[in-house]
Amino acid sequence: MLLSARALAGELIVVTDSRRPVQAPPHARVIELDGPARIEAELAANLPAGPGEAAAVVRRRLKAGGTALQQRIGAAYQGVADAWSLGVTTLPAVVVDRRYVVYGEPDVAKSVARIETYRRAQR
């Protein structure tokens, strides 16, 4: 079913969070809305009590993470912005071609199949 889902669906975006895992094919873009908060929690873990020392530790962690960390942060926040621009209201959400959406189904292939059934009925 995943192969047929890929063949039928164009752009496939799945919006969820870490509490609502989904079964998504490799070609799907998965946006986890709590991604930015999880990265921030990683950076803030076990900080010293003093604000100056804590800021220095965070700066070191940001520097040590380098480009890869910067890309993770950018992608996480871009995902949140993209989900907002799509008008996602409920998680999980499976969006095909930025036009069709199924809410609440963690099995992406099932959601895509529902969308494709709807599309065929509209032709």
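Basis for what follows: all heavy atoms, side chains included, without hydrogens, waters or symmetry-related copies.
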(request) Applying side chain to side chain contact (heavy atoms under 4.5 Å, CB included), run through D107 and Q23 and close with a yes or a no. (result) CA-CA 5 Å; D107 187 328; Q23 300 169 5; 3.5 Å; yes
(request) Working to the nearest 0.5 Å, report the span between CD of Q78 and CD of Q71. (result) 13.5 Å
(message) Nearest 0.5 Å, please: how far is CG in L12 from CD1 in I115?
(response) 8.0 Å
(message) So does I13 get a backbone contact from the side chain of R29, meaning a donor-acceptor N/O pair under 3.5 Å?
(response) no
(request) Flag the pair V96 / E11 as yes when at least one side-chain heavy-atom distance between them is below 4.5 Å, and no otherwise. (result) no
(request) Please test R61 against E42 for side chain to side chain contact (heavy atoms under 4.5 Å, CB included), starting from the C-alpha separation and ending with a verdict. (result) CA-CA 9 Å; R61 289 176 181 174; E42 288 173 25; over 6 Å; no
(message) Donor-acceptor check, side chain of D97 to backbone of R99, threshold 3.5 angstrom: yes or no?
(response) no
(message) Within this structure, what is the CD1-OH distance for the pair I39 and Y77, rounded to the nearest 0.5 Å?
(response) 7.5 Å
(message) Counting only heavy atoms from other residues, nucleotides and ligands, does the tally under 6.0 Å from OH of Y103 exceed 12?
(response) yes
(request) For D34 and S18, indicate whether the former's side chain and the latter's backbone hold a donor-acceptor pair under 3.5 Å. (result) yes
(message) If hydrophobic clusters are built from ILVMFWY residues whose side chains come within less than 4.5 Å, do L91 and V102 share one?
(response) no
(request) Would you give the length of the straight line joining atom CZ of R72 to atom CZ of R38, rounded to the nearest 0.5 angstrom? (result) 8.0 Å
(message) I need the E116 CD to S111 OG distance, nearest 0.5 Å.
(response) 11.5 Å
(request) Working to the nearest 0.5 Å, report the span between CD of Q122 and OH of Y100. (result) 7.5 Å
(request) Using a 4.5 Å cut-off on heavy atoms from C-beta on, say whether the side chain of I73 contacts that of P36. (result) no
(request) Answer yes or no: does atom CZ of R114 have more than 12 heavy-atom neighbours from other residues, nucleotides or ligands under 6.0 Å? (result) no
(request) Indicate the atoms forming the closest heavy-atom contact of V22 with P92, along with that distance. (result) CG1-CB, 3.8 Å
